[in-house]
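Worksheet: one structure, shown below.
No experiment lies behind these values; they were computed from the predicted model shown.
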Amino acid sequence: MKKTLAVAAVGAMLALSACGSSDGSSNDKSADSGSKTADIRVWLNGADTPDDARAWLKKTFEEQNPGSTLTIEQQEWDGLVEKLTTALSSDKETPDVVEVGNTQAPTFTTAGAFSDLTDNLSDLGGDDLLKGFVDGATIDGKTFAVPYYAGSTYVFYRKDLFKKAGISAVPITTDEFVDDAIKLKKANPTPKNFSGFWLPGQDWRDGAAFLWNTGGDFAVKDGDSWKGALSSPASQEGLATVQKIFKQASGAPADATEADPVTPFCAGEIGMMVRPGWVKGMLEDAKTGCPDIAKNLGVFPVPGADGQPAPVLLGGSDLGISAKSQHQGLAEKALALMLSEDYQSILAHHGLTPAKNSLSSKLGSDEYAQATIAAASNAKLTPAAANWALIEGDRTLEDLFSQIAQGGDLASLADKADSHIAEVLNK
């Protein structure tokens, strides 16, 4: 099943390459004059982009481009790679501007799915843009996507439950963190599914911190090719910690995703969880969250083995303009608005790290801002392989971590995953 999906996705990517080359020559911007009007379709993923930012973008774009409209179409992260692969290869179905995960961007840029933004890069922010995101979307000196926002994750914890469990201070090392998570679970026998540390079975993104913390990785470069690295001794040590958390500290289902932390948190089922900063606003919202419980929140960076912040996944998104868009000029105007100080300041107000370094102060100076900065100090990205999005798309890692959560044998699970990872990354 996984192999078939991966091969199909690669085939679709190759079809994209045939339609739009990475030199940007397929983009006929002359066909999109400034006098033209159109409905610009912007794909945004999940609920990460706050409603006030969406409203500002639509209103401002339409005011600045009379006769044109901007429509935001929300997509879901689950299954996004396959949906983008289909949409971006179609003249009729393609959106104009798309949000894509920063770890997925190399696959689409390599395939020629996005327009060349190199000539506009200085106007969009240039050297002020988050460098790692720009580098991940640059091929042969040309840039095909720009950062949208970043979001290093850190630990949210309930101060009242720490006190109840007799935990007097936040943990400083990984061992202390795991021990405290187990203490929290034991101190809260009800509800039955209470998590000292909430780690849903499919949540490889937050589990990655424990893999990287011991020096392990998902894949490593081997000469001119890639090989899976989950079977290495360092990776096995990290995965053993993950399995210990699943068994002794987490009450989340083994087949669950991390998509909705608000429901279990507000149901009193979570002592600690690792989430990006913008979750704070969701928890404090009077309509969708639980402000009475959230008033007990505290935060700290995931602790590493050496007492410094552990390497966590530097999450976030890129923005690209579809190479198939018939409205390149208007799409560029929408993209520029999404990188403007006004728009990015709205994102920062909601806890998302702005796309421009100069706007980091917009995050504020409270403990949440400090936790964001500390977490980002040792953040990592997934392997920079052109086909990495295919690994995310075929759910290799979700399946692996779910099986680990169910008590599967680490060595055999890692060996199987390594073989598949190498096959896909070396296509």
Side-chain angles (χ1 to χ4, degrees), residues 6 9-29 43 80-82 84-89 94-150 218-227 314-325 328 331-332 335-336 338-339 355-356 380-393 421-422 424-427:
V10 170
M13 289 296 175
L14 292 175
L16 276 175
S17 295
C19 299
S21 66
S22 61
D23 64 2
S25 60
S26 63
N27 305 328
D28 183 11
K29 297 184 181 181
W43 276 20
L80 178 66
V81 172
E82 292 84 356
L84 278 172
T85 300
T86 300
L88 292 173
S89 62
T94 186
D96 300 288
V97 180
V98 299
E99 175 188 359
V100 61
N102 62 322
T103 61
Q104 300 165 345
T107 296
F108 292 99
T109 55
T110 301
F114 296 147
S115 300
D116 184 357
L117 299 175
T118 308
D119 291 343
N120 300 329
L121 201 58
S122 59
D123 293 333
L124 294 172
D127 292 340
D128 196 21
L129 296 170
L130 296 171
K131 185 176 184 300
F133 285 53
V134 175
D135 289 347
T138 299
I139 303 172
D140 297 330
K142 295 186 177 182
T143 302
F144 296 88
V146 290
Y148 182 28
Y149 62 80
F218 297 106
V220 295
K221 200 73 181 291
D222 183 20
D224 293 330
S225 61
W226 289 88
K227 67 177 182 179
L314 182 59
S317 293
D318 286 349
L319 294 171
I321 295 174
S322 171
K324 292 274 189 180
S325 170
Q328 294 286 318
E332 288 173 6
L335 182 64
M338 297 174 80
L339 289 177
K356 297 177 180 178
K380 287 191 63 170
L381 295 174
T382 49
N387 286 348
W388 179 257
L390 304 182
I391 294 297
E392 293 193 20
I421 288 171
V424 173
L425 296 189
N426 293 315
K427 290 290 183 181

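Side chains of Thr118 and Thr143: a donor-acceptor N/O pair is absent below 3.5 angstrom, by distance only.
Remark: Thr94 OG1 to Leu84 CG distance equals 9.0 Å, nearest 0.5 Å. Here Glu99 contributes atom CD and Leu319 contributes atom CG; the two are 6.5 Å apart, rounded to the nearest 0.5 Å. Atom OG1 of residue Thr109 and atom CD of residue Gln104 lie 11.5 Å apart, to the nearest 0.5 angstrom. Atom NZ of Lys427 is separated from atom CG of Asn387 by 9.0 Å, given to the nearest 0.5 angstrom. Here the OG1 atom belonging to Thr103 is positioned 8.0 Å from the CG atom belonging to Leu381, to the nearest 0.5 angstrom.
Side-chain atoms of Gln328 come within 3.5 Å of backbone atoms of Ser322 as a donor-acceptor pair (strictly under, hydrogens ignored). In this structure, Asn102 contributes its side chain and Leu314 its backbone to a donor-acceptor pair below 3.5 Å. For the pair Thr107 (side chain) and Ala386 (backbone), a donor-acceptor distance under 3.5 Å is present. Side-chain N or O atoms of Asp128 include none that pairs as donor or acceptor with a backbone N or O of Lys356 at under 3.5 Å.
Nearest heavy atom pair, residue Leu124 against residue Ala336, reads CD2-CA, 3.8 Å. What you find for Pro106 and Gly136 is that their closest heavy atoms are CG-O, 3.4 Å. Closest non-hydrogen pair, Ala331 versus Val97, comes out as O-CG2, 3.6 Å. Shortest non-hydrogen contact noted between Ala150 and Phe133 is CB-CZ, 3.7 Å. Smallest separation of non-hydrogen atoms from Pro147 and Asp318: CA-OD1, 3.7 Å. Ala219 and Pro383 get closest at one heavy-atom pair: O-CG, 3.7 Å.
Residues Phe144 and Asp116 meet the side-chain proximity criterion, which asks for heavy atoms closer than 4.5 Å. Taking 4.5 Å as the limit, some side-chain heavy atom of Leu117 sits within range of a side-chain heavy atom of Leu335. In this structure the side chain of Phe114 reaches within 4.5 angstrom of the side chain of Leu88, judged on heavy atoms.
Listed by chain and residue number, nothing satisfies the salt bridge (charged side-chain N to carboxylate O under 4.0 Å, His left out) test with Lys221 (two or more places apart in sequence, or in another chain).
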Legend entry - Verdict with reasoning, Val81 to Phe108, per side chain to side chain contact (heavy atoms under 4.5 Å, CB included): CA-CA 9 Å; Val81 172; Phe108 292 99; 4.2 Å; yes
Inset, instruction - Could you walk me through whether Ile391 and Thr382 pass side chain to side chain contact (heavy atoms under 4.5 Å, CB included), step by step? - result: CA-CA 11 Å; Ile391 294 297; Thr382 49; over 6 Å; no
Inset, instruction - Report the C-alpha separation of Ile421 and Trp226 in whole Å, then their side-chain angles, then the decisive distance to 0.1 Å, and conclude whether the side chain to side chain contact (heavy atoms under 4.5 Å, CB included) test is met. - result: CA-CA 8 Å; Ile421 288 171; Trp226 289 88; over 6 Å; no
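Counting heavy-atom neighbours within 6.0 Å of Lys380 NZ, excluding the residue itself, gives a total above 12.
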